[in-house]
Amino acid sequence: MSLVAGSYERFIWGFKLKPAEHEPSTQTLTLTLTQLFSYPSHQGPITTVAAAGPAAASGSSDDTVQIYDLPSAASFGALHHFSSSVTALSFYCPPNLSFPRNLLSASADGSITIFDSKPFVLLKSFRAHKKGINDLAVHPSGKLALSVSRDGCLAMSNLMRGKRSFCCRLGKEATLVKFDGSGERFFMISDEKVGVHMAEDARLLFELENQKRILCAAPGESGILFTGGEDRNITAWDTNSGKVAYSIQNAHSTRIKGVVVLTKNNHDVTNEDPYFVASASSDGCIRVWDVRMAIKEKPSPLAEVDTKSRLTCLAGSSLKLKSSKRPKIGQGAPKEE
């Protein structure tokens with residue numbers, strides 16, 4: 001398991017999560033976050049990060065995307081196919097593959113760019129919005145993506161054809177959009193409200209309301225959606241019932257800028273496997289939690305590291321860092337519409 005975080009100071013941080021042995025006396029699981037790399041990888045603040053399998057990527061206000069290989073803790077260069085700040089990144093990794101098939105990026109000029117990840121070559125770039133894109137979510141099938149923008153619209157893009165297929169104006173600008181694990185529903189977040197929608201027709205099922213503005217979200221298992229934000233809490237919403245399942249109060253001293261669900265997603269998963277959630281805050285701290293403990297009482301972090309920087313985003317990969325496939329930067333002719 002690995003974590004990748006970006007900071008306002010242009011630094012990229014990579015960590016490997018290593019489970020330690022159980023203490024015989026307490027039967028308590030302890031973890032350590034071992035640093036893989038840390039250096040200024042961009043010329044401007046890092047705005048978004050993504051990770052899948054052995055690959056990771058970061059986007060910045062310097063109009064570039066940097067590619068990283070997590071097993072070797074190395075950078076494999078930059079993608080320069082952008083004319084504005086990169087605002088969102090998302091890997092598409094089919095369930096039967098350990099290496100992502102595609103990387104999608106969204107930009108401040110309203111465009112979406114699709115890359116093939118073996119090697120990283122440009123496949124298509126098209127305009128999905130009139131203004132900057134706030135967030136991007138890829139359907140589990142890899143055939144379509146949803147995006148929300150500063151133009152106050154929700155757009156659906158056909159990734160097979162590389163063009164926008166649907167757009168509708170929202171009542172209020174949304175800042176985050178996420179699919180659930182099945183792809184049957186999606187979540188759209190605007191300030192402190194979370195809308196739960198059917199993916200088939202975008203019908204609103206119900207709305208969840210947090211106390212303060214939500215800044216990050218990550219879907220979990222069994223209809224759980226984890227959110228973090230200005231209230232400094234990690235809240236687990238049961239999107240089936242529309243209620244709060246549990247929460248970790250005061251998880252950080254300042255607002256939470258990233259939350260990631262980490263599970264052992266190989267074939268030998270059992271119900272006894274720990275269920276980890278990682279969070280990052282603008283105070284520079286990254287913490288890992290076992291959410292099973294949060295159901296009973298306020299848990300203590302299983303692992304914690306202080307980067308002493310203003311973190312802006314967090315991503316994670318649950319796969320073990322042992323892969324024969326390594327990211328490569330290829331060449332591709334721009335195809336824009």
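No donor-acceptor distance shorter than 3.5 angstrom exists from the side chain of Asn233 to the backbone of Thr235, with no hydrogens or angles considered. Looking only at distances, a side-chain donor or acceptor of Asp62 sits under 3.5 Å from a matching main-chain atom of Gln43. Not one N or O on the side chain of Arg164 forms a donor-acceptor pair closer than 3.5 Å with the backbone of Cys167. Although no hydrogens or angles enter the test, the distance criterion places a donor-acceptor pair under 3.5 Å between the side chain of Tyr275 and the main chain of Glu221. Side chain of Thr239 to backbone of Ile224: no donor-acceptor contact under 3.5 angstrom is found. Without hydrogens or angle criteria, Arg10 side chain to His42 main chain gives a donor-acceptor distance under 3.5 Å. Put simply, the side chain of Ser2 never gets that close to the backbone of Phe15: no donor and acceptor are under 3.5 Å apart. Of the possible polar contacts, none joining the Arg255 side chain to the Glu230 backbone as a donor-acceptor pair under 3.5 Å is found. The backbone N or O of Asp63 sits nowhere less than 3.5 Å from a side-chain atom of Ser85 that would complete a donor-acceptor pair.
Salt bridge status for Arg310 with Glu9: present, with a side-chain N to carboxylate O gap under 4.0 Å. Under a 4.0 Å N-O distance rule, the pair Asp135/Lys178 qualifies as a salt bridge. One finds no salt bridge joining Arg213 and Glu192 here, because no Lys/Arg side-chain nitrogen approaches an Asp/Glu carboxylate oxygen to under 4.0 Å.
Note that SG of Cys153 and CD of Glu173 are 10.0 Å apart. Values are rounded to the nearest 0.5 Å. Taken from CD1 in Ile46 to OG in Ser60, the straight-line distance is 6.5 Å, to the nearest 0.5 Å. Rounded to the nearest 0.5 angstrom, Leu311 CG and Ser279 OG are separated by 10.5 Å. Atom OH of residue Tyr92 and atom NE2 of residue His139 lie 10.0 Å apart, to the nearest 0.5 angstrom. Interatomic distance, Ile12 CD1 to Ser7 OG, rounded to the nearest 0.5 Å: 8.0 Å. Atoms CG and CG, on Asn134 and Asp151 in that order, are 8.5 Å from each other to the nearest 0.5 Å.
Closest approach of Ala108 and Ser84 over heavy atoms only: N-OG, 3.5 Å. Minimum interatomic distance between Glu304 and Cys285 (heavy atoms only, all atoms of both residues): OE2-SG, 4.0 Å.
For Asp109 and Ser83, the side-chain atoms include at least one donor-acceptor pair closer than 3.5 Å. Between the side chains of Ser309 and Tyr8, no donor N or O sits under 3.5 Å from an acceptor N or O. Checking Thr254 against His252 by side-chain atom types alone, no donor-acceptor pair falls below 3.5 Å. Side-chain polar atoms of Ser125 and Ser111 form no donor-acceptor pair below 3.5 angstrom. When only modelled atom types and interatomic distance are considered, His129 and Ser147 share a side-chain donor-acceptor pair under 3.5 Å. A side-chain N or O of Asp283 and one of Ser253 form a donor-acceptor pair less than 3.5 Å apart. Side-chain atoms of Ser41 and Tyr68 include a donor-acceptor pair closer than 3.5 Å. Side-chain polar atoms of Gln211 and Asp231 form no donor-acceptor pair below 3.5 angstrom.
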Report task. Let me see the working for Lys257 and Ser281 under side-chain contact (heavy atoms from CB on, under 4.5 Å), right down to the final yes or no. Result -> CA-CA 5 Å; Lys257 299 301 294 289; Ser281 172; 6.0 Å; no
Requested in this report: Quick one: do Met1 and Lys16 satisfy side-chain contact (heavy atoms from CB on, under 4.5 Å)? Show the steps, please.
Outcome: CA-CA 6 Å; Met1 297 181 182; Lys16 183 178 181 180; over 6 Å; no
Requested in this report: With salt bridge (Lys or Arg N to Asp or Glu O under 4.0 Å) as the test, would you mind laying out the steps for Asp191 and Lys212 before giving the verdict?
Outcome: CA-CA 8 Å; Asp191 291 334; Lys212 293 186 178 181; over 6 Å; no
Query raised in the report: How far apart are the C-alpha atoms of Ser247 and Gln249, what are their side-chain angles, what is the distance that settles it, and do they pass the side chain to side chain donor-acceptor pair (under 3.5 Å) test?
Result: CA-CA 6 Å; Ser247 66; Gln249 298 292 321; 2.7 Å; yes
Query raised in the report: Are Val260 and Phe276 close enough, and set up right, to give a side-chain contact (heavy atoms from CB on, under 4.5 Å), and what steps lead you there?
Result: CA-CA 9 Å; Val260 172; Phe276 300 139; over 6 Å; no
Query - Test side-chain contact (heavy atoms from CB on, under 4.5 Å) applied to Val138 and Leu159, step by step - result: CA-CA 9 Å; Val138 181; Leu159 301 183; 4.1 Å; yes
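In this structure the side chain of Leu136 never reaches within 4.5 angstrom of the side chain of Leu146, judged on heavy atoms. Leu123 places a side-chain heavy atom less than 4.5 Å from the side chain of Asn102. Val121 has its side chain out of reach of Phe115: every pair of non-hydrogen atoms, C-beta onward, lies at least 4.5 Å apart. The side-chain heavy atoms of Leu79 and Phe120, taken from C-beta on, include a pair separated by under 4.5 Å. The shortest side-chain heavy-atom distance between Thr87 and Thr47 does not fall under the 4.5 Å cut-off. Within the 4.5 Å cutoff, side-chain heavy atoms of Leu144 are placed close to those of Phe179. Two residues are said to be in side-chain contact when any heavy atoms from C-beta on lie closer than 4.5 Å; Leu262 and Val277 fail this criterion. In this structure the side chain of Ile234 reaches within 4.5 angstrom of the side chain of Ile256, judged on heavy atoms.
Around the CD atom of Glu184, the shell of radius 6.0 Å holds no more than 12 heavy atoms that belong to other residues, nucleotides or ligands. Around the CE atom of Met160, the shell of radius 6.0 Å holds no more than 12 heavy atoms that belong to other residues, nucleotides or ligands. Within 6.0 Å of atom CD in Glu209, more than 12 heavy atoms from other residues, nucleotides or ligands are found, so the atom counts as buried in its surroundings.
When the side chains of ILVMFWY residues are joined at heavy-atom separations under 4.5 Å, either directly or via intervening members, Leu205 and Ile214 end up in a single hydrophobic cluster. Tracing side-chain contacts under 4.5 Å through hydrophobic residues (I, L, V, M, F, W, Y), one never reaches Leu154 starting from Ile112; they form parts of separate clusters. If you chain together hydrophobic residues whose side chains sit under 4.5 Å apart, Phe187 and Val148 never meet in one group. Put simply, Ile133 and Phe126 are part of the same group of oily side chains (I, L, V, M, F, W, Y) that touch within less than 4.5 Å, one to the next. Tracing side-chain contacts under 4.5 Å through hydrophobic residues (I, L, V, M, F, W, Y), one reaches Leu314 starting from Leu302; they form part of the same cluster.
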